[in-house]
Amino acid sequence: MEGLMKALEECLNTTTKLTSPVNTNTSVQKKVFMQKPQIEEISRTMKLLFLLTVMLTSVSWLEASTLRKKYESPSVHSNKNSAKTGNCYTGNGKDYRGTTAVTESGQSCLRWDHLSKSLWSHNYCRNPDSSIKPWCFIQTKYFARREFCNIPSCPMEPKSKASTCGERTQKQFKIVGGSVTTVESQPWIASIFKRFGRSNGFQCGGSLISPCWVLTAAHCFPDGIHTNAKKYFVFLGKNAINETDYQREKKFSVEEIIIHEAYKDSDQMYNNDIALLKIQDIQGQCAHESNAIRTVCLPPPNMMLPPGTYCQIAGYGRVAEGSGFSQYLKETTVQVLSQRTCAKKKYYGTLLTDNMFCAGSTEWDTDSCKGDSGGPLVCEVDRHMFLFGIISWGEGCSREFRPGVYTRVTNYNQWIEDKTRMPGIASGSMFPEK
């Protein structure tokens with residue numbers, strides 16, 4: 001990659017020299033249309049544009065996604081906070097995700113993909129090269145050049161607004177043995193779809209842990225690190241997987257898929273079954289809070305509720321073993337089992353690792369099932385719902401001594417913060433102190 005960048009620099013430097021105006025007739029004075037400063041400005045613009053293009057097209061999709069993280073870093077959106085709706089920027093604005101598209105001189109920004117199809121499909125101000133503030137390209141008489149945007153820096157906030165994670169406007173208890181519910185009862189649930197040619201297929205559930213990030217199961221992506229994120233998209237606020245409700249739901253593209261490096265699915269051992277999806281809508285924005293779309297809280301590291309605790313699971317999976325998928329979102333209540341019980345030979349024995357835990361019903365009449373994978377197991381603490389588990393695996397559905405197995409989310413708090421580059425997101429700050 002470094003060799004390619006160096007070669008491109010040399011090529012552009014040579015181009016600059018070749019495009020300088022030269023008078024080939026000593027007896028006739030040619031009219032020069034562009035002066036040297038203009039040509040130098042063209043050269044600088046060409047270099048910046050081509051370097052951006054190379055970064056986003058000359059590397060693998062995984063590498064390109066990593067680079068895009070710099071340019072489209074996550075931020076929370078709220079209608080009550082100008083710093084989060086794009087009316088101002090913090091620092092040098094490298095994390096700016098707003099929709100301002102006007103420069104300091106009052107000119108409208110050009111669409112990034114107008115200059116190169118490999119760049120973003122909008123004209124919002126961004127700071128991809130960590131300059132002093134967000135900028136964009138504008139059109140001049142002879143060429144496109146960059147100019148800083150008309151965005152003020154954000155004032156320091158004395159105190160941030162209390163988080164609304166894990167809050168919901170509707171509760172309905174009563175998946176196998178569960179009952180149909182509305183998404184307002186589980187507003188953090190995500191439905192993950194995959195494109196198959198001209199058709200789309202539902203793959204897994206997930207949980208919205210921040211406006212830009214969905215937490216799900218690694219086994220939902222059988223291609224592992226070679227998974228093509230472009231083939232996936234996510235719905236939030238969805239009541240039914242085969243119906244569209246424009247009043248509630250919102251569609252997002254998947255910008256990046258991060259699968260845990262130590263995930264293994266050999267011999268039915270889904271250890272480290274956890275993955276992250278970075279999402280954005282067609283305008284380059286993350287999720288906005290509504291009654292049907294909210295984030296779920298994350299509990300503190302290594303925290304686990306005691307055996308017997310009642311929690312909820314939700315999903316669009318099979319309604320019974322061997323049946324078809326549920327058309328509508330369903331939820332039910334299960335109880336957390338002790339690790340000692342689930343590790344017994346008549347349960348799962350040595351298949352259970354410390355990164356997993358079990359939950360089920362005492363009558364074995366309710367459980368997660370195929371298609372619910374990746375979805376949430378949430379438990380209520382102090383009127384907030386906390387994501388303790390990710391629906392991972394199990395033997396059959398609602399079989400005796402075969403409860404559902406869940407990824408233990410609190411074993412991955414640091415991993416979540418590292419991969420999202422959001423310090424504190426998994427600190428468990430909303431969890432009540434003892």
Side-chain angles (χ1 to χ4, degrees), residues 74-78 81 84 157-171 173 184-190 205-217 236 260 272-276 286-287 289 291 293-314 331 333-339 354-359 374-392 404-434:
S75 62
V76 179
H77 297 281
S78 169
N81 193 327
K84 298 170 184 177
E157 296 183 19
K159 188 175 181 181
S160 60
K161 179 185 174 183
S163 173
T164 59
C165 74
E167 295 181 357
R168 52 188 179 177
T169 59
Q170 178 177 326
K171 294 183 180 180
F173 303 128
E184 284 83 0
S185 182
Q186 299 280 338
W188 37 81
I189 195 163
S207 302
L208 187 70
I209 61 170
S210 86
C212 297
W213 292 95
V214 169
L215 194 65
T216 185
L236 298 175
H260 197 282
N272 300 300
D273 192 12
I274 188 169
L276 282 161
C286 299
E289 182 181 301
N291 287 341
I293 300 176
R294 296 196 176 190
T295 57
V296 66
C297 300
L298 292 175
N302 304 313
M303 168 69 69
M304 193 62 203
L305 296 177
T309 300
Y310 286 96
C311 299
Q312 299 157 39
I313 55 176
E331 68 176 9
T333 302
V334 292
Q335 281 184 282
V336 176
L337 276 66
S338 71
Q339 201 76 352
D354 290 339
N355 293 319
M356 311 170 186
F357 69 92
C358 298
L377 180 144
V378 292
C379 311
E380 186 170 11
V381 181
D382 196 23
R383 299 187 301 278
H384 287 265
M385 303 304 292
F386 288 83
L387 182 69
F388 278 89
I390 299 170
I391 298 174
S392 181
V405 182
Y406 302 82
T407 302
R408 191 183 294 264
V409 172
T410 54
N411 281 9
Y412 299 96
N413 295 59
Q414 189 60 54
W415 181 83
I416 291 170
E417 291 191 358
D418 290 345
K419 298 305 178 183
T420 61
R421 299 193 305 165
M422 296 179 66
I425 184 178
S427 65
S429 60
M430 292 301 296
F431 203 84
E433 297 180 1
K434 293 183 180 180

**Request:** Decide whether Trp188 and Gln186 meet the rule of one side-chain donor and one side-chain acceptor closer than 3.5 Å.
**Result:**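 Yes, Gln186 and Trp188 have a side-chain donor paired with an acceptor closer than 3.5 Å.
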Minimum heavy-atom distance between [X] and [Y], given as atom pair plus value:
X	Y	answer
Ala190	Leu236	CB-CD2, 3.6 Å
Asn413	Ala426	ND2-O, 2.6 Å
Ser207	Gly375	OG-C, 4.3 Å
Ser427	Pro301	O-CD, 3.9 Å
Ile425	Leu298	O-CD1, 3.7 Å
Pro299	Thr410	CG-CG2, 3.3 Å

**Message:** For a side chain to side chain contact (heavy atoms under 4.5 Å, CB included) check, start with the C-alpha distance between Leu377 and Phe357, then their side-chain angles and the critical distance, and finish with the verdict.
**Reply:** CA-CA 11 Å; Leu377 180 144; Phe357 69 92; 3.9 Å; yes
**Asked** Tell me, which pairs form a salt bridge (charged side-chain N to carboxylate O under 4.0 Å, His left out) where one or both residues lie in residues 295-312, sequence neighbours left out?
**Response**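 Every pair satisfying salt bridge (charged side-chain N to carboxylate O under 4.0 Å, His left out) with a residue in residues 295-312: there are none.
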[X] side chain vs [Y] backbone, donor-acceptor pair below 3.5 Å:
X	Y	value
His384	Phe431	no
Glu417	Pro423	no
Asn355	Asn411	no
Arg408	Asp354	yes
Ser392	Thr407	no

**Message:** Would you say that Pro376 contacts Ile189 through its side chain, given a criterion of any heavy-atom pair below 4.5 Å between the two side chains?
**Reply:**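 A side-chain contact exists here, since the closest heavy-atom pair is under 4.5 Å.
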**Val405 vs Cys358 side-chain heavy atoms within contact, under 4.5 Å** =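 When only atoms from C-beta onward are counted, Cys358 and Val405 do touch, with a gap below 4.5 Å.
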**Prompt:** Do other residues, nucleotides or ligands put more than 12 heavy atoms under 6.0 Å from Asp382 CG?
**Reply:**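 Buried by this count: over 12 neighbours within 6.0 Å.
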Rounded distance (nearest 0.5 Å) linking atom [atom1] of [X] with atom [atom2] of [Y]:
X	Y	atom1	atom2	value
Glu167	Asn291	CD	CG	11.0 Å
Phe386	Cys297	CZ	SG	4.5 Å
Ile274	Trp415	CD1	CH2	5.0 Å
Leu276	Cys212	CG	SG	12.0 Å
Met385	Met430	CE	CE	13.5 Å
Asp273	Ile391	CG	CD1	11.5 Å

**Test applied, side-chain contact (heavy atoms from CB on, under 4.5 Å); reference residue, Leu208; option that passes from Val296, Thr295, Leu387** =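 For Leu208, the side-chain contact (heavy atoms from CB on, under 4.5 Å) test succeeds with only one of Val296, Thr295, Leu387, which is Thr295.
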**Message:** Holding to side-chain contact (heavy atoms from CB on, under 4.5 Å), I want the full list of residues that pass it with Thr309, two or more places apart in sequence or in another chain.
**Reply:**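 For Thr309 the side-chain contact (heavy atoms from CB on, under 4.5 Å) partners, ignoring immediate neighbours, are Leu305, Pro306, Cys311, Val336.
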